[in-house]
Each structure stands twice: as C-alpha cells, then as structure tokens.
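So you know, we letter chains A, B, ... as the sequences are listed, proteins then strands, and number each from 1.
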Protein chains: 2
Amino acid sequence: MNGKKPTIDDVARLSGVARVTVSRVLNGGPNVRPAVRAKVMEAVKTLDYKVNPQARSLAGGASRTVGFVFNSDPESEPNSYYEAALELGALRACVTLGYQLLIHQIPTDSAGQQQRILELIDDQRCEGLILCPPFSDDLLLVETVLTRGCKVVAVSPGPSARTLIDGVGVDDEAAGYDLTCALIKLGHHRFGFIAGLETHLSAERRLEGFRRALADHGLGDDACLIRRGDFTFRSGTRLTPEMLDVPHPPSVLVCANDDMAAGALAAAHARGLDIPGDIAITGFDDAPVASIVWPPLTTVHQPVKLLGQRAVEMLVSRLTGAMVDGPSFQQLDHGLVWRQTTKAF
Amino acid sequence: MNGKKPTIDDVARLSGVARVTVSRVLNGGPNVRPAVRAKVMEAVKTLDYKVNPQARSLAGGASRTVGFVFNSDPESEPNSYYEAALELGALRACVTLGYQLLIHQIPTDSAGQQQRILELIDDQRCEGLILCPPFSDDLLLVETVLTRGCKVVAVSPGPSARTLIDGVGVDDEAAGYDLTCALIKLGHHRFGFIAGLETHLSAERRLEGFRRALADHGLGDDACLIRRGDFTFRSGTRLTPEMLDVPHPPSVLVCANDDMAAGALAAAHARGLDIPGDIAITGFDDAPVASIVWPPLTTVHQPVKLLGQRAVEMLVSRLTGAMVDGPSFQQLDHGLVWRQTTKAF
DNA sequence: GCGCAGATTGGAAGCGCTTTCAATGCCGGA
DNA sequence: TCCGGCATTGAAAGCGCTTCCAATCTGCGC
C-alpha cells in the first residue's frame with residue numbers, strides 16, 4: 001500500500017493494452033482473445049487491482065445497488081425473525097451476485113413512508129427494490145416506484161400485487177388450509193384464529209385458507225372466533241384471555257405467526273391451562289421462538305432465508321435483462337411442523 | 001420525470017451561478033453570500049435535484065460509506081437479537097448522518113474471515129468499520145484494517161482492543177459483579193455459570209465480574225461450576241443437565257446471554273424442576289426472549305440499539321475529523337432486571 | 001490473390017461531482 | 001485617491017470507469 005490504489009490505467013499499462021480492453025476483460029465482454037484476457041488478468045492479480053465501484057456506476061449508469069425495505073416501529077424491538085432472516089438471505093445473494101444491499105427500515109407512522117422509499121431510489125440511485133410486507137401490497141407505492149424506472153420484487157405479495165410485480169413467497173392460503181384440515185382431523189371443531197395486521201395480505205391469505213378448510217368440512221362461522229393482533233408476542237397474550245372467556249371456547253388457537261402463538265401460549269400458561277390438553281396452539285413461520293417456548297410450537301415452516309435470497313436473484317435477473325416477460329411469482333414450499341402444542345397426529 | 005435526473009449543471013444554469021458555487025452551497029462551504037445561497041437552494045427545490053452520491057465519491061474521494069461487520073454461521077439462524085438490534089441502531093444513525101451502511105455478515109468458518117473484511121474495505125471503499133464481537137477483539141485484524149487507513153469502532157471490545165481503537169459498550173465486568181452480589185444477597189451460595197465463546201471478550205468480562213463477586217464474599221472456586229456454551233439456546237439446554245447432575249448442584253445458573261438462559265430454563269422444565277424454587281436462572285442482554293419464556297427471565301439489560309447508534313456516531317466523528325485524539329471508549333449504562341426466574345428481591 | 005464480414009483493439013468523450021487556483025469584487029487604511 | 005487583503009465567484013482539471021465509434025486484423029469464399 002505504498003500510495004494510491006491501482007487504477008484501471010495501471011493495469012492497462014502493465015499488461016500493455018488499452019484501458020478499454022481491460023474494462024472488457026473485467027466485465028466479461030466478448031471479443032477478447034484468450035491470450036490478452038490472461039495477460040490482463042495476470043496484471044490485475046499482480047497489482048491486486050479492484051474496480052472502483054463508484055467510478056463504475058458513474059460511467060456505466062448502473063449502481064449495482066438494490067434496496068431492501070422493511071417496516072418497523074422506531075420504538076419497538078429490532079426486526080423480527082422474519083425480517084432478519086429475509087435480510088440475511090438477501091445479503092448472501094447480493095454478495096454472490098456482486099450487488100450491494102441497502103437496508104432501509106421505514107417507520108410505521110407512515111405519513112412519509114412513500115416519500116422515504118422514493119428518496120431511497122432517488123438519493124441513493126438504487127436500481128431495484130425488495131419490498132417486504134406490508135409494502136409488498138402497497139399498490140400505489142409500487143406504481144410510483146415502477147414509474148421511476150426501478151425494478152421491484154415483493155416478498156409475499158397478495159394477489160393484486162402479483163399482477164404488477166415479481167414476487168416470492170409460499171402458498172399461504174394452502175398452508176392455512178392444510179393446517180386447519182389437519183387440525184380438524186385431530187378432532188378439533190371449535191377454532192380461534194389470531195390474525196395479523198390486515199395490511200399484510202399474505203397473512204390474510206392464511207386466514208382465508210383457514211376459512212376454506214372450515215367451510216369444506218361443514219363448519220360455519222359459529223365454529224370460529226377471530227381476533228386481530230399485530231404479530232407481536234404481546235398481542236398474543238392480550239387477545240388470548242378474551243378468546244377463552246366465552247361460552248364455548250375454542251379447543252385450538254390458530255395464530256398467524258409464531259410470536260403471537262408464543263404470546264397465546266404464555267397467556268394460556270398464566271391461566272393454568274394444560275397445553276395441548278386444554279387448548280392447542282399453532283403458529284406460523286417456524287421461527288426460533290417456536291422451538292424455544294415450552295411446549296415447542298406446532299407451526300408451519302416457511303423458508304424465509306431462502307425467500308430473501310430468491311427475491312434478490314429475481315431482482316437481479318430483471319436488472320440484467322435475463323428476465324423480460326411479465327410479472328412472475330416464485331412459489332416456495334411450506335411444510336407443517338408438528339410439535340407439542342397440538343396432540344400427536 | 002420527463003427524462004434524465006437533473007444534474008448540478010442544471011441547478012447552476014437555473015440559478016445563474018457556476019457549478020462550483022452550487023457545489024459549495026450543497027456542501028455548506030464558506031464564502032457564499034446568503035442571497036446566492038438562497039437562489040441556489042431554490043433552484044435545487046424547483047428541479048428536485050439530488051446529488052449523485054457516486055459522482056460525489058468519485059470526485060471527492062470519500063464514499064460516505066461505513067461497513068457493519070458481524071459474525072454468523074451460514075447454516076444457523078439469522079442474526080440474533082444482539083446483532084439485529086445493533087444493526088438497527090446503526091442504520092438509524094446512518095440515515096441521520098447521511099452515511100450508507102454496508103452490512104456484512106462473515107461466516108464463522110473463518111479461514112478467510114480477515115480476507116473478507118479487507119475486501120469490504122478495498123472493494124467497496126468503506127471509510128470506516130463497525131466491528132461486532134468477536135471481531136472487536138481480533139487485534140490482528142484491527143491492526144490490518146487500521147493500516148489500510150480505515151477508521152474502526154468496536155462494539156463491546158475487550159481491554160486490549162480499547163487501547164487500539166474506539167469502542168462502545170457497557171461495563172460487563174461490573175454487570176457480572178452486581179448481578180452476582182445481588183444473587184448472593186438473595187441467599188445463593190452454590191453457583192453455576194454458563195459462559196459464552198472465549199473469543200467474545202465482553203462476555204468473558206461478565207465471568208470475571210462473577211468471579212470477583214464470589215471472591216469478595218469469601219466464596220471459593222468450589223462454590224461454582226463453570227461450563228462453556230456458544231450463546232445458543234441449544235447450548236443452554238445441552239449444558240444444563242450435566243451441571244445439575246453433580247453431588248452439590250448449584251442453586252442458580254448464571255448465563256452469559258439470554259438465549260442460553262432460555263435453553264437452561266427449558267432443560268430445567270424438562271427435568272420437572274420448579275423455577276426459581278429448585279433452581280434460579282439469570283440471563284444477560286434483556287432480549288425479547290427474556291420476556292417471552294416462562295417464567296420471564298431475570299437478566300441484565302444493555303441498551304443494544306443505542307450501542308449501535310453510538311458506534312456509528314463515533315465512527316462518523318472520526319471520519320469528519322471532529323474527533324482526533326487517541327482511542328476512546330464510550331460506556332453506556334446497564335441495569336439489573338428482576339423478573340421471575342429468581343426469587344423476589 | 002482479392003474483397004468482405006466479423007473478430008479484436010484502441011481513441012475519445014464523457015458520467016456528475018469536487019478540488020485546485022486564478023480572477024474578480026469589496027473594504028478600510030495610508 | 002490608491003493599495004493590500006480578504007470575501008466571493010468561476011474556469012479548468014480531473015476522480016476511474018464505461019460507452020460509442022472508428023481502426024485494424026483476421027478468416028473465408030471466389
């Protein structure tokens with residue numbers, strides 16, 4: 001490090017070719033003789049040369065940067081397992097693909113939500129965006145971003161968003177359906193459902209699947225009690241007592257995510273109930289918390305880290321032009337995980 | 001958006017000044033008459049002009065980018081609460097200060113750890129780095145990074161790292177001491193300590209504080225049983241049975257973090273023990289899991305999000321030259337949180 | 001052996017910004 | 001009124017890279 005970092009001109013000089021040829025080699029351009037390519041690569045190695053990404057974007061007009069946008073309350077806990085796992089997967093994919101990930105956490109308050117996201121595109125010159133719920137379903141936002149010429153991939157978008165942009169996710173409706181059917185087979189016929197925020201369409205799909213299963217088995221609306229939480233542990237503990245204090249309480253509490261299920265579990269414990277004897281509980285996500293609580297939670301596994309990775313991969317294929325047709329949705333597999341908050345199957 | 005984004009020249013033209021004057025205004029440079037400044041600002045607003053950060057770094061030589069480096073196993077869960085919270089705090093500070101945060105997760109395998117981090121500096125031109133444990137204490141790594149002319153702030157560094165670089169953290173030794181003294185006052189006199197990885201010096205300090213407290217109260221090494229985990233829930237469940245299966249088992253298990261404490265709790269439950277009646281348990285961090293498990297965990301609170309924020313603030317003051325003297329350490333307050341895995345105080 | 005398409009190379013012109021450094025304008029003191 | 005000195009502005013020169021386009025070199029068919 002005896003001075004400045006080497007530049008592309010240093011490489012060109014050392015390998016005896018023009019600067020533009022080095023650029024070609026570096027970018028895998030066509031029409032470079034193998035011998036020349038090798039010579040350049042050697043010079044690159046000798047000098048330990050690295051392209052300057054800033055200069056590259058300036059000249060090339062592509063920042064090779066994508067934004068990862070998720071929602072979280074400034075005062076609340078840090079990003080939940082769901083976001084953290086998505087981010088990790090996205091991060092890995094970015095490293096592999098040579099892109100930069102700009103993490104952006106947007107407060108819930110939301111007056112200026114859209115503004116903040118647009119700034120991300122304008123100020124930082126992001127070429128693409130990964131939108132996590134509930135932004136995945138903010139059609140207005142999506143339109144605006146697209147207008148800016150920015151590619152978007154949504155994580156777990158609802159049906160309408162899927163007509164606009166690419167997305168990755170599991171089949172939440174089917175997952176809700178499968179889980180509920182299995183619960184019915186287990187003998188349950190009075191259900192409680194702790195839903196999440198309405199704005200998270202993918203979580204709402206779980207509820208739809210749940211309802212369809214009930215209907216398919218001839219169980220009407222009177223067989224289920226539905227309450228709405230906000231995906232937090234606390235909302236689980238808060239809602240549970242009131243769902244249990246009714247004439248014919250449910251024999252199982254189906255929760256839209258694991259945190260709320262953990263909350264429900266805690267509330268049930270607090271009432272001295274036996275789980276799953278007195279009340280069964282199920283979650284969704286298969287987050288670490290599902291294995292940590294006692295008894296461990298029956299839940300639906302979804303490959304969250306993989307979702308994040310796939311989202312980036314899709315985004316990048318859009319950016320590089322490898323993908324050109326209309327919006328596509330990549331559906332990954334989910335799976336029921338039977339643990340001990342439900343009777344053995 | 002009828003075409004390209006406006007450039008600094010557009011602003012210059014519209015406001016009738018030279019490009020360089022616009023640049024001065026934008027960067028708060030001196031010697032610009034208020035009237036001119038206002039005129040330029042107005043043009044900026046009219047055009048909705050945003051500086052192009054890539055061009056700025058190319059010309060100015062400063063990337064306004066800092067790296068956030070943490071360690072995590074590719075196969076393991078996503079970043080724990082600790083890292084996630086640090087990241088969130090750092091992210092917020094970066095937004096405020098106009099810097100970009102480049103998150104980098106480095107695998108544990110570590111053959112190429114150092115290499116990966118250096119690439120982060122060389123490839124991405126990071127100006128500064130935030131090092132999370134265990135990198136905070138990797139003196140060799142720190143030296144190398146400093147040689148590259150890159151500023152560093154360590155999160156929870158040990159004593160030797162503090163002589164080299166800036167750092168933020170709580171007084172882990174005092175925290176361990178305080179907690180243990182309180183436990184002794186509560187009547188405990190046989191202790192189990194589930195330590196973390198040796199490479200995390202800050203967690204080791206908790207053990208040192210623990211030992212000092214024991215010594216101060218005339219309790220020898222025979223009064224405590226020490227085992228080493230890896231900060232995971234699983235290591236807590238694994239270690240607990242063997243610590244309890246001894247002639248005079250401890251009456252309290254002090255754990256170096258909350259996840260292991262949660263694991264210990266689960267293992268104790270599994271043996272049918274009453275908590276805190278048969279065995280008390282304490283954690284460290286005051287992570288969400290501490291409130292989620294049953295009974296909720298007595299633990300030591302540390303302001304993790306704030307640590308992340310402060311780390312970025314320190315780093316940026318170094319970068320801007322606002323801070324020039326030797327390495328400094330910013331110590332934040334910790335606090336004991338009494339919940340229900342220990343007897344009422 | 002000649003001519004042309006395609007493969008290889010290089011020259012030059014910026015990308016949008018900051019950084020010298022030189023050119024003005026202004027003030028008070030002599 | 002003239003001059004030094006400072007405040008204010010601008011012209012020019014890049015930062016390190018890519019892109020466009022022209023130049024040269026191949027190979028092949030005839």
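- To the nearest angstrom, C1' of dA12(D) lies 13 Å from CG of Asp9(B).
- With Thr144(A) contributing its side chain and Val142(A) its backbone, the two residues share no donor-acceptor pair below 3.5 Å.
- A salt bridge links Glu313(A) to Arg310(A): at least one charged side-chain nitrogen sits closer than 4.0 Å to a carboxylate oxygen.
- Contact check, Thr21(B) against dT9(D): no side-chain N or O comes under 4.0 Å of OP1 or OP2.
- When only modelled atom types and interatomic distance are considered, Ser156(A) and Tyr82(A) share a side-chain donor-acceptor pair under 3.5 Å.
- Distance, Arg64(A) CZ to dC15(C) P: 21 Å, rounded to whole Å.
- One interatomic measurement links the two molecules: CG of Asn27(B) to P of dT20(C), which rounds to 13 Å at whole-angstrom precision.
- Counting non-hydrogen atoms of other residues, nucleotides and ligands closer than 6.0 Å to CD of Glu42(A) gives a total of 12 or fewer.
- Closest approach of Asp10(B) to Lys5(B), counting heavy atoms only: OD2-O, 4.3 Å.
- In this structure, Asn31(B) reaches the bases: a heavy-atom distance under 4.0 Å links it to at least one base atom across the strands shown.
- Taking every side-chain heavy atom of Leu58(B) into account, dG16(C) is the closest of dC17(C), dT18(D), dG16(C).
- Residue Arg37(A) contributes atom CZ, which lies 14 Å from atom P of dA7(C) at whole-angstrom precision.
- For the 3.5 Å distance criterion, the side chains of Arg56(B) and Gln54(A) fail to qualify, holding no donor opposite an acceptor.
- Taking the side chain of Tyr49(A) as heavy atoms from C-beta on, and the options dT9(D), dC17(D), dT18(C), the nearest nucleotide is dC17(D).
- Of the candidates dT18(C), dT9(D), dA13(C), dA13(C) carries the atom nearest the Arg19(A) side chain, counting heavy atoms from C-beta on.
- Candidate nucleotides dG10(C), dC17(C), dC17(D) were compared by shortest atom distance to the side chain of Ile8(B), and dC17(C) ranks first.
- Side-chain atoms of Arg24(B) and base atoms of dG10(D) include a donor and an acceptor less than 3.5 Å apart.
- For the OP1/OP2 pair of dT18(D) and a distance below 4.0 Å, the side-chain nitrogens and oxygens of Ser23(A) include at least one atom meeting the criterion.
- For the side chain to side chain donor-acceptor pair (under 3.5 Å) test, no residue two or more places apart in sequence or in another chain qualifies with Thr199(A).
- Ranking dT19(D), dT9(D), dC17(D) by closeness to the Val20(A) side chain, first place goes to dT19(D).
- Counting distance only, with no hydrogens placed and no angle test, the side-chain atoms of Arg33(B) and the base atoms of dT9(D) include no donor-acceptor pair under 3.5 Å.
- No engagement by Gly61(A) is indicated, since no non-hydrogen atom pair under 4.0 Å with the nucleic acid exists.
- Atom CG in Asp10(A) sits about 9 Å away from atom P in dG16(D), given to the nearest Å.
- Across the helix from dG1(C)-dC30(D) to dA30(C)-dT1(D), the helix axis at one end is tilted relative to the axis at the other end by 50° (nearest 10 degrees, each axis from five pairs).
- If you find the closest nucleotide of DNA chain D to Gly60(B) and to Val17(B), the one lying nearer the 5' end belongs to Val17(B).
- Counting to the nearest Å, the P atom of dG16(C) and the CG atom of Leu26(B) are 15 Å from each other.
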List the atom pairs, donor and acceptor, that lie under 3.5 Å between side-chain atoms in residues 318-329 of chain A and the rest of the protein, sequence neighbours left out.
from	atom 1	to	atom 2	distance (Å)
Arg318(A)	NE	Asp166(A)	OD2	2.5
Arg318(A)	NH1	Met323(A)	O	3.4
Arg318(A)	NH1	Asp325(A)	O	2.7
Arg318(A)	NH2	Asp166(A)	OD1	2.9
Arg318(A)	NH2	Asp166(A)	OD2	3.3
Arg318(A)	NH2	Asp325(A)	O	3.0
Arg318(A)	NH2	Gly326(A)	O	2.9
Thr320(A)	OG1	Val316(A)	O	3.0
Thr320(A)	OG1	Ser317(A)	O	3.3

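- The nearest whole Å value for the distance from the CZ atom in Arg13(A) to the C1' atom in dG10(C) is 16 Å.
- For Asn52(A), taking side-chain heavy atoms from C-beta onward, the closest of the listed nucleotides dG10(C), dA13(C), dG16(D) is dG16(D).
- Between the CD atom of Gln54(B) and the P atom of dC17(C) there is a distance of 11 Å, given to the nearest Å.
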